[in-house]
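Contents: one structure, followed by commentary.
Numbering of ligands and ligand atoms starts at 1, following listing order.
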Amino acid sequence: MEMKQKIKQDTSVAVIFLIYLLSCIALTAGMQCSGIAPSYRFDCHPEADVTQLKCQQRGCCWLSSKNLDEGVPYCFYPHDFPTYEMGSPEQTAFGYSVVLKRTTKSYYPNDVMQLQMDIYFETSYRLHFKIYDPRSERYEVPIPTPKVSKRAPSTDYKVQFSKSPMGLVITRAVDNTVIFNSTLSPLIFADQFLQMSTSLVTPYIYGLGEHRGRFKVASDWKTYPMWSRDHPPQVGDNLYGVHPFYLNLEGASSKAHGVLLLNSNAMEVVLQPAPALTYRTIGGILDFYIFMGPGSDEVVQQYTEVIGRPLMPPYWGLGFHLCRWGYGSSNRTLEIVKRMKAALIPQDTQWNDIEYADGRKDFTVNNSTFAGLPDMIKYLHASGMHFIPILDPGISSTQPPGTYPPYDTGIAQDVFVKDSTGKPLVGEVWPGPTVFPDFFNNKTKSWWLDQIKSFHGKVPFDGLWIDMNEPSNFVDGSINGCTKSSYDNPPYTPSILGGSLDAMTVCASAIQSIGKHYDLHSLYGYSEAIGTNEALVKVRNKRAFVISRSTFPGSGKHTGHWLGDNYSLWPDMAYSIAGILSFNLFGIPLVGADICGFNLNTTEELCQRWMQLGAFYPFSRNHNTIGAKDQDPTAFSVDMQISSRNALQIRYSLLPYIYTLFHFAHSKGSTVARPLFFEFPGDPKLYDVDRQFMLGSSLVVTPVLEEGSTNVTGIFPKGIWFGVNHGTHFQVNSTQAVTLPAPLNEINAHVREGCIVPLQLPYKEGYTTTTEYRQLGFTLLITRSINGPGSGHLFWDDGDSLDTYENGNYLLLEFSSSETSMNSTVSYDGYSGSHAVTVQSFIIATVPHPVSQVTINGTSVAFDYEPQLMNVYVNNLKVPMQFNFYVKWEWQTQD
Ligand SMILES: *[C@@H]1O[C@H](CO)[C@@H](O)[C@H](O)[C@H]1NC(C)=O
Ligand SMILES: *[C@@H]1O[C@H](CO)[C@@H](O)[C@H](O)[C@H]1NC(C)=O
Ligand SMILES: *[C@@H]1O[C@H](CO)[C@@H](O)[C@H](O)[C@H]1NC(C)=O
Ligand SMILES: *[C@@H]1O[C@H](CO)[C@@H](O)[C@H](O)[C@H]1NC(C)=O
Ligand SMILES: *[C@@H]1O[C@H](CO)[C@@H](O)[C@H](O)[C@H]1NC(C)=O
Ligand SMILES: *[C@@H]1O[C@H](CO)[C@@H](O)[C@H](O)[C@H]1NC(C)=O
Ligand SMILES: *[C@@H]1O[C@H](CO)[C@@H](O)[C@H](O)[C@H]1NC(C)=O
Ligand SMILES: *[C@@H]1O[C@H](CO)[C@@H](O)[C@H](O)[C@H]1NC(C)=O
Ligand SMILES: *[C@@H]1O[C@H](CO)[C@@H](O)[C@H](O)[C@H]1NC(C)=O
């Protein structure tokens with residue numbers, strides 16, 4: 001006690017002296033502080049306990065005022081704050097190399113006093129630069145990226161080296177737009193604190209996940225923490241996945257670019273209205289990629305070229321999925337499947353949550369309640385349906401020796417994450433105490449394959465749902481806590497949920513085969529998805545269908561994603577659109593939210609609206625928690641069932657189109673769901689739109705997101721919009737809000753003018769699976785093209801074989817149209833089933849005059865013209881699609 005007081009007295013004398021000293025410094029630095037506009041203040045003291053004294057001890061400016069907007073830092077860097085000095089850039093084979101040196105230390109421990117910045121002119125549209133310690137190897141994210149050693153001969157970007165203020169300035173060559181300017185705040189690169197800022201071109205910025213919120217990221221002093229975390233989505237929290245990637249619009253030029261910071265350590269990104277952005281990460285290196293677009297979808301294509309293209313899902317995986325926790329038994333699960341079928345509601349896949357397992361242990365089945373599981377799966381398979389169970393990473397560690405092979409063999413093969421003492425780290429998940437497989441270890445992959453193979457022998461599942469892989473842990477760190485080391489207690493902790501790295505996960509000091517959990521934490525779900533996808537392929541020899549909760553850049557190559565444990569609330573439904581759009585930016589187009597909401601009881605109206613919206617999610621699954629009321633459509637009124645059936649029938653009809661979008665995602669990295677501004681760039685009225693979305697370039701979905709509404713207002717760009725419900729259309733001459741009728745039993749979905757959309761229309765009422773729909777002939781919906789040629793595509797294959805694109809076992813058709821004609825051209829045919837692919841009907845929409853003749857390859861065919869709707873229908877055809885054909889329609893001109 002006495003000692004402490006003495007120290008206190010001494011420090012207070014020192015503090016008074018320091019304040020005196022600092023006020024002198026502050027006076028001299030006054031000009032450096034007062035000339036900085038609030039929106040250009042870069043926070044010098046992000047820790048919560050900032051005071052004037054602490055601020056000035058860091059050599060920073062302190063200007064507090066009540067008049068400032070919320071979030072404006074009082075403590076900020078002066079212009080001349082010490083940082084690295086830049087040496088002379090040297091030309092290299094791939095671009096440039098520059099040395100950065102500092103002579104004074106920053107206020108975080110263990111500055112790296114000398115850095116190297118390598119700049120790679122990788123392609124004309126992609127710039128890569130990394131800042132690292134040339135003397136000592138640091139952790140780098142272990143995802144495969146292209147290795148380039150030669151400089152691209154010409155580039156869309158220019159790089160300037162600024163010595164004072166020190167930093168890198170990257171501009172778009174064609175118009176000098178400043179894409180990246182790191183001179184705005186001082187670079188800090190200490191062992192466990194790395195900070196860099198850049199300007200943004202506009203405040204229109206998207207990405208930076210995984211977060212709950214609007215699609216356009218808020219740029220008014222908002223902090224986006226990143227560290228994979230199990231928690232029901234709430235605005236502001238770090239969530240299940242980590243995606244340090246953003247897309248920034250460049251304003252009037254209609255261009256866009258993307259930026260990836262390839263870093264997996266706990267981090268936060270702060271946005272401020274300059275507009276500018278600051279990265280703070282606590283490990284690794286600064287490894288940046290810039291993607292020049294200039295189209296938004298091109299940015300995503302360029303991004304996925306680096307991190308990996310999305311997987312091609314099996315066709316059945318795009319059907320409707322039904323799941324809940326709380327069926328109670330396999331018999332009850334099967335009862336619901338049969339109830340759905342009796343109500344003729346499309347469903348392809350039935351799922352089970354952890355209740356199927358014995359004591360919630362992986363790779364076991366509860367032999368009383370779920371004894372009927374194999375029979376249920378037999379029934380599903382015989383009905384052309386599929387089955388997916390949940391699988392958590394945590395392996396029960398307290399079963400009697402010899403009774404639970406997954407643990408026994410895992411210990412024998414040394415596959416688990418270790419604590420700092422080298423013993424398997426024990427946490428607690430659903431089955432009680434558990435250990436965690438280290439999926440970066442090759443031994444773990446083969447052990448995981450063995451478990452999956454042996455379980456598949458008993459329960460022949462068709463896909464896997466990997467949950468809890470942040471990894472989630474019900475005790476912080478481990479049952480023995482964590483260490484006092486700087487990994488578990490870093491000098492700076494980003495503003496993550498729980499305030500500590502071990503919050504609801506394993507200790508950062510835990511050891512994995514290729515490094516520390518401190519570095520690898522946010523890659524846990526990524527690594528599990530790889531092992532799970534590979535195991536599924538080996539066991540089934542068909543396409544893998546995996547849905548993972550935790551994801552990282554590159555996950556889309558191995559898995560899809562659902563948006564986690566949402567609530568049965570109207571705002572949760574609305575936020576799902578932003579989530580789906582964001583994950584399409586992240587290269588994970590196979591994404592959906594739990595339809596009707598996971599937590600809480602839904603209402604019939606909410607569930608009805610959500611079934612309608614969810615029918616257009618790329619991944620469409622209704623899922624519910626234990627203890628909540630049933631929320632599959634058959635649990636509600638007949639009206640609700642009919643509208644769910646109608647919405648899903650629209651989905652199933654559109655699947656050839658949606659599947660083709662997934663082909664382009666897989667083959668060139670395009671998005672499946674996308675915001676309107678992707679297709680109508682440079683229109684500020686669309687920058688904020690996240691209550692509507694597009695599937696591909698042809699379809700706009702405008703769901704009702706509010707209780708009690710029977711109309712909905714959407715924003716529609718110039719054009720003719722064809723409604724899929726009734727075949728009616730409307731026209732807008734410039735982007736404007738349009739209020740549409742939205743009765744409770746319908747969702748608005750519109751096809752843009754100038755599109756050719758391949759459909760399979762269910763002429764047989766009894767069809768409820770993609771297995772059945774795939775037997776149907778195609779319908780081509782052709783919407784009037786008045787502004788230049790219309791276009792469309794069809795990608796078709798057997799829907800489930802591995803690598804059909806890579807092996808050339810597919811059919812790809814290209815459609816083009818004018819106002820009075822349409823061509824179908826085979827761009828590639830290597831599919832053995834091509835001869836059976838035929839057009840059964842055409843819908844030629846919004847033809848302004850009565851039609852006198854329709855010909856296919858010059859031969860007249862029968863048709864109907866519906867004058868009210870102005871649509872032409874041609875039915876009962878069997879036009880082979882493996883050969884080119886052309887269609888013409890002639891109308892009488894009125895005299
Ligand atoms: C980069 O930012 C600095 C401020 O740090 C500013 O002075 C400079 O003009 C910017 N560079 C360009 C090319 O806009
Ligand atoms: C499940 O259904 C089967 C067949 O109808 C029946 O034999 C069995 O007893 C049921 N199991 C349970 C747990 O109800
Ligand atoms: C069912 O599982 C329990 C607990 O795992 C086990 O003790 C019992 O022998 C099993 N019964 C059958 C019929 O397999
Ligand atoms: C793990 O296996 C992969 C693929 O077989 C191989 O490329 C890699 O080198 C292996 N890693 C280690 C650490 O052995
Ligand atoms: C949901 O409804 C069920 C059945 O009526 C009830 O037991 C449960 O408490 C409800 N849950 C909530 C969160 O209100
Ligand atoms: C849309 O519905 C709201 C009530 O939900 C009503 O107040 C409004 O008048 C309706 N607008 C149109 C154009 O029908
Ligand atoms: C759009 O333009 C067309 C043709 O000029 C005109 O007939 C129509 O009334 C306009 N529509 C609206 C909503 O202004
Ligand atoms: C259809 O193909 C013919 C022959 O190649 C071509 O002349 C015509 O312009 C094409 N029409 C459309 C709409 O692409
Ligand atoms: C249409 O014409 C092409 C040749 O231009 C031919 O290959 C194709 O078989 C024809 N299709 C039909 C349905 O007549």
In ligand 6, which numbered atoms sit nearer than 4.0 Å to a non-hydrogen atom of T739? 13 (C)
Modelled atom types, side-chain donor and acceptor of Y356 and T333, under 3.5 Å: no
Provide the number and element of each atom of ligand 5 under 4.0 Å from a heavy atom of G627. 1 (C), 3 (C), 8 (C)
Distance-only N or O hit between ligand 6 and N711, under 3.5 Å: yes
Are [X] and [Y] an aromatic pair by the rule of ring centers under 6.0 Å?
{"X": "Y139", "Y": "Y518", "value": "no"}
{"X": "F545", "Y": "H321", "value": "yes"}
{"X": "W562", "Y": "W351", "value": "no"}

Within 6.0 angstrom of Y487 OH, more than 12 heavy atoms from elsewhere: no
What about K629: any of its N or O atoms under 3.5 Å from an N or O on ligand 5? no
How about V148 and Y120: do any of their side-chain heavy atoms sit closer than 4.5 Å? no
Please work out whether the ring planes of H128 and Y289 are parallel, tilted or perpendicular, with thresholds of 30° and 60°. parallel
Does the salt bridge (charged side-chain N to carboxylate O under 4.0 Å, His left out) test come out yes or no for K418 and D438, once each step is laid out? CA-CA 9 Å; K418 300 194 172 82; D438 170 10; over 6 Å; no
Can you name the residues that come within less than 4.0 Å of ligand 4, going by heavy atoms only? N442
